[in-house]
Amino acid sequence: MGWALPLAVAALLGIAAGWLAPAGLPEAGLLAGLLAWRRWRWMALLLVASLSAWPVLQAATSDLPQGLSREELQLEGRLLQVVPQGELTRLLVRVEACQPQAAPRPSCERLRRVRLTLFDAESSAPEMQVGDRWRFTVRLRPPTGFANPHTFDYAAWLWRERIDATGYVRRDPEPILLSSSLPLPAQRGLVYLDRRLEEGVARRWLAALTLGAGERLSEDDWERLNGTGTTHLVVISGLHVGLVAAFALLLGRGMARLVVPGRWRLVTWPWWLAGAAAVGYALLAGFAPPAQRAMLMTLVGLWVASGRHAPGPWQAWWLALGAVLLLDPLSLWRPGLWLSFVAVALLIVIWQGRQRPRGLRGWLWALVRTQLLLAPLMAAAVLIAFDRLAPAAPLVNLLAVPLVSTLMVPLGLLGWLLAWMPPLSGLCWWLFGILAEALHGLLGVAMAWLPLWSPAPWQRWPLALALVLLAACWALPGLALRLRITASMLLGLLPLVLMPTAVPPGQLEVRVHDVGQGQLVDLRTARHRLLYDTGPRFRSGYMPLSDLWPRPQHFHRVIVSHDDIDHAGGVPALAEHRVDAFMAPRGEDIGVPFEHCQAGQSWRWDDVRFSLLWPPPGDNAAWSSNDRSCVLLVEAGEQRVLITGDVGRQVERFFVLDVEAPLTLLVAGHHGSHTSTGPQLVELLDPRQVVFSAGRDNPHGHPSDEVVRRLRGRCLWNTALDGAVTWRLGAGSYAAGDAMRNLVGWRGGVGGRCHGVESAPLDAR
């Protein structure tokens with residue numbers, strides 16, 4: 001078994017080659033290896049590296065060509081996932097054929113999987129099932145997401161799920177069903193559950209825990225699971241597959257003891273039966289990546305437990321890692337993979353060389369000890385992967401893990417085995433429902449008592465390192481108890497040392513968030529915070545603002561420039577936060593009570609002056625909604641920020657003489673439309689930095705080519721290319737830069753600290 005480590009290393013090197021190397025290099029490396037090496041082991045490792053590199057190379061070259069963005073395409077494919085969400089349905093489609101409707105256009109034949117939205121407000125869409133083949137007319141976009149600091153990286157998720165484009169289904173012409181397929185076992189199980197059980201916690205959790213249907217869980221369920229660090233309980237993991245395999249093994253060995261009582265310990269077919277049960281359950285659960293990973297780890301675990309020419313625990317760990325990466329190389333970027341393997345590695349460290357527990361007391365102490373040692377390491381992994389900590393996780397998992405593993409999952413699976421005897425099956429699921437309701441309530445209490453915490457960005461890595469060291473102090477054998485206690489006390493003081501650094505008085509922090517085709521500007525002083533606009537609300541109901549910060553945040557004032565959905569769409573999401581006062585123009589409707597913003601209003605926060613320059617006092621009915629936008633000027637020392645909403649050039653002339661030149665930062669009006677940021681404003685105010693808050697590949701052509709040419713020579717930024725951008729102004733501070741990451745190659749940005757933004761005319765798009 002000395003080849004387990006080389007296998008894993010070869011898979012990792014192949015993935016690295018596929019990620020870093022140009023297309024064709026892994027294949028060339030394989031050919032060179034075959035010519036240069038004659039030993040079969042080297043050729044096998046080179047083959048593993050090439051097989052691992054190939055999917056990564058494909059993922060990097062299969063995206064939708066930019067020239068097909070928002071073009072009408074005719075697409076044929078098989079449905080891999082159908083998730084109803086009210087008036088819309090999310091579809092995951094494996095593409096079998098694709099052709100642009102108009103010519104000439106780039107080819108879309110390289111598309112493999114796309115994620116589509118089917119809108120159905122009138123409930124007239126045809127019924128769709130997983131496995132069916134359909135022909136759609138679609139409009140697609142390259143797989144990108146919003147780029148804001150410390151938020152869910154949707155683009156990275158699309159990439160590792162091998163989704164090459166996103167878009168929506170056109171209802172004219174209507175989708176055409178090409179062929180139907182028999183429902184998958186998991187689908188049949190969900191239909192059976194819907195008939196047998198009423199909607200509620202029991203049905204949702206039974207579907208998730210036994211069939212891997214996590215989409216059945218409600219938002220409240222996920223909030224409780226995330227808030228208590230127990231999401232691992234409802235993912236088809238090694239726990240669930242291992243329980244199925246263990247049950248099959250016990251059943252098989254019991255049968256062997258009856259059939260061959262003299263040599264039942266030597267027969268091998270019970271182990272094969274357990275392996276087949278693990279594979280069958282993973283297939284039943286949809287064979288998603290977590291189920292695949294759990295299946296492979298369970299098969300390796302069965303091999304180790306069988307004791308027949310089995311590898312040691314660390315060889316088995318490397319073997320499982322190599323097999324998982326070979327089966328799904330992109331899983332290297334899945335946080336779940338590393339959470340699983342880190343947990344198993346720590347379990348090996350904890351239990352290697354120790355005797356098995358004896359008696360009930362011994363097993364209870366083993367469970368408590370394992371959970372307490374796992375808690376800090378898993379908390380560090382979750383902190384690094386998801387930027388959050390669940391303080392309640394160690395205590396909740398002490399109860400939830402044994403409850404789910406020893407009672408709920410066995411009861412749920414036993415109910416399926418007894419489905420042909422409805423009374424017994426119903427009894428199992430009734431008991432399961434009682435436990436599910438109790439666990440659901442426990443998670444709610446724990447989340448309210450110890451809520452989810454999202455540390456500041458600068459706290460993440462020091463805290464994660466402290467948690468890893470804490471786990472090592474108590475898990476590694478041979479350390480003195482005094483050393484462990486002293487180290488734990490010192491590490492416990494680390495959060496007290498890492499105190500947040502506030503914005504100094506007299507300085508202003510400005511962040512223009514990436515919210516697509518909309519606007520949201522976050523302004524902070526030493527002790528105050530103002531939000532200018534709230535971003536858009538999309539047709540699906542999604543509001544980018546809802547994902548920008550952990551709840552709750554405190555905003556001393558929220559100014560909504562006007563009631564256009566690109567600017568006021570996120571107002572409902574602010575119900576989760578604390579807002580002292582809303583402001584908006586007279587005559588607008590933003591859905592909440594607000595004070596009227598008007599020229600002449602001003603206030604000072606922490607030596608930073610805020611002034612409203614528009615609209616004028618009194619009745620503004622003569623102005624359009626865009627032209628009565630609130631215009632805000634913020635002055636921090638000698639530096640000035642101007643945000644003009646959607647006002648047009650005619651309105652700009654009313655207040656341009658009230659602003660001292662030069663401007664440090666201008667948030668371009670109307671997302672860079674040609675109707676705003678007129679020549680007079682540019683000439684008189686001479687802005688040094690300009691940011692366009694626009695959606696990537698938006699249908700309006702923002703920013704306008706005319707406006708971009710007018711602003712040449714300035715430092716130009718575009719949230720569509722740069723993501724969220726942050727400035728620190730005032731009191732000797734003047735800096736700008738990416739708020740999230742270097743987006744070169746990921747979002748198509750050209751990189752650099754300051755660059756020009758070009759835009760093609762609208763009629764050329």
Side-chain angles (χ1 to χ4, degrees), residues 152 193 197-240 243 285 290 294 335-336 339-340 343 364 367-368 370-383 385-413 415 428-455 467 546-547 549-552 575-577:
F152 175 66
L193 275 184
L197 300 179
E198 296 181 358
E199 168 58 30
V201 173
R203 191 172 82 181
R204 298 196 306 268
W205 284 57
L206 186 62
L209 282 172
T210 61
L211 298 177
E215 68 276 6
R216 287 294 187 99
L217 296 177
S218 66
E219 291 186 8
D220 178 62
D221 294 330
W222 283 115
E223 188 173 353
R224 293 176 187 233
L225 291 165
N226 287 324
T228 55
T230 51
T231 51
H232 61 94
L233 296 177
V234 294
V235 178
I236 297 299
S237 63
L239 171 67
H240 307 81
L243 284 172
L339 290 176
S340 299
L364 287 176
L367 174 65
V368 172
T370 300
Q371 286 296 322
L372 291 178
L373 291 177
L374 273 175
L377 187 64
M378 298 310 294
V382 171
L383 178 60
F386 302 108
D387 297 331
R388 63 175 184 247
L389 276 177
L395 297 177
V396 172
N397 277 290
L398 278 176
L399 179 61
V401 169
L403 178 65
V404 171
S405 60
T406 62
L407 292 176
M408 291 179 63
V409 172
L411 281 171
L413 295 176
C428 292
W429 287 346
W430 176 73
L431 293 173
F432 176 94
I434 293 176
L435 296 175
E437 292 281 0
L439 180 59
H440 191 264
L442 171 67
L443 297 182
V445 172
M447 183 179 65
W449 179 45
L450 292 172
L452 190 69
W453 178 48
S454 295
L467 290 168
S546 62
D547 294 333
W549 312 287
R551 302 177 182 89
E576 302 288 340
H577 304 282

Inset, instruction - Just do the side-chain contact (heavy atoms from CB on, under 4.5 Å) check on Ser546 and Glu576 with the steps written out, would you? - result: CA-CA 8 Å; Ser546 62; Glu576 302 288 340; over 6 Å; no

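Distance check, rounded to the nearest 0.5 Å: CD of Glu219 to CG of Asn226 gives 11.5 Å. With rounding to the nearest 0.5 angstrom, the CG atom of Leu225 is 6.5 Å from the CG atom of Leu217. Of the inter-residue distances, the one linking Thr228 atom OG1 with Glu223 atom CD reads 10.5 Å to the nearest 0.5 angstrom. Interatomic distance, Leu439 CG to Met408 CE, rounded to the nearest 0.5 Å: 5.5 Å. Atom CG of Leu211 is separated from atom CG of Leu193 by 6.0 Å, given to the nearest 0.5 angstrom. To the nearest 0.5 Å, the span separating CG on Leu398 from OG1 on Thr370 amounts to 10.0 Å.
Nearest approach of Pro451 to Pro391, heavy atoms of both residues: O-CD, 3.3 Å. Looking at every heavy atom in both residues, Gly229 comes nearest to Ala390 through N-CB, 3.5 Å. In this structure, His440 and Asp221 approach most closely via the heavy-atom pair NE2-OD1, 2.9 Å.
Other residues, nucleotides and ligands contribute at most 12 non-hydrogen atoms within 6.0 Å of the CD atom of Glu198. Applying the 6.0 Å contact sphere to CH2 of Trp449 captures no more than 12 heavy atoms from other residues, nucleotides or ligands.
Between Thr230 and Asn397 the shortest side-chain heavy-atom distance falls below 4.5 Å. The side-chain heavy atoms of Leu467 and Leu389, taken from C-beta on, include a pair separated by under 4.5 Å.
For the pair Arg216 (side chain) and Arg203 (backbone), a donor-acceptor distance under 3.5 Å is absent.
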Listing, residues 429-436 side-chain donor-acceptor contacts under 3.5 Å, not counting sequence neighbours, or none:
residue: Trp429; atom: NE1; partner: Gly412; partner atom: O; Å: 3.2

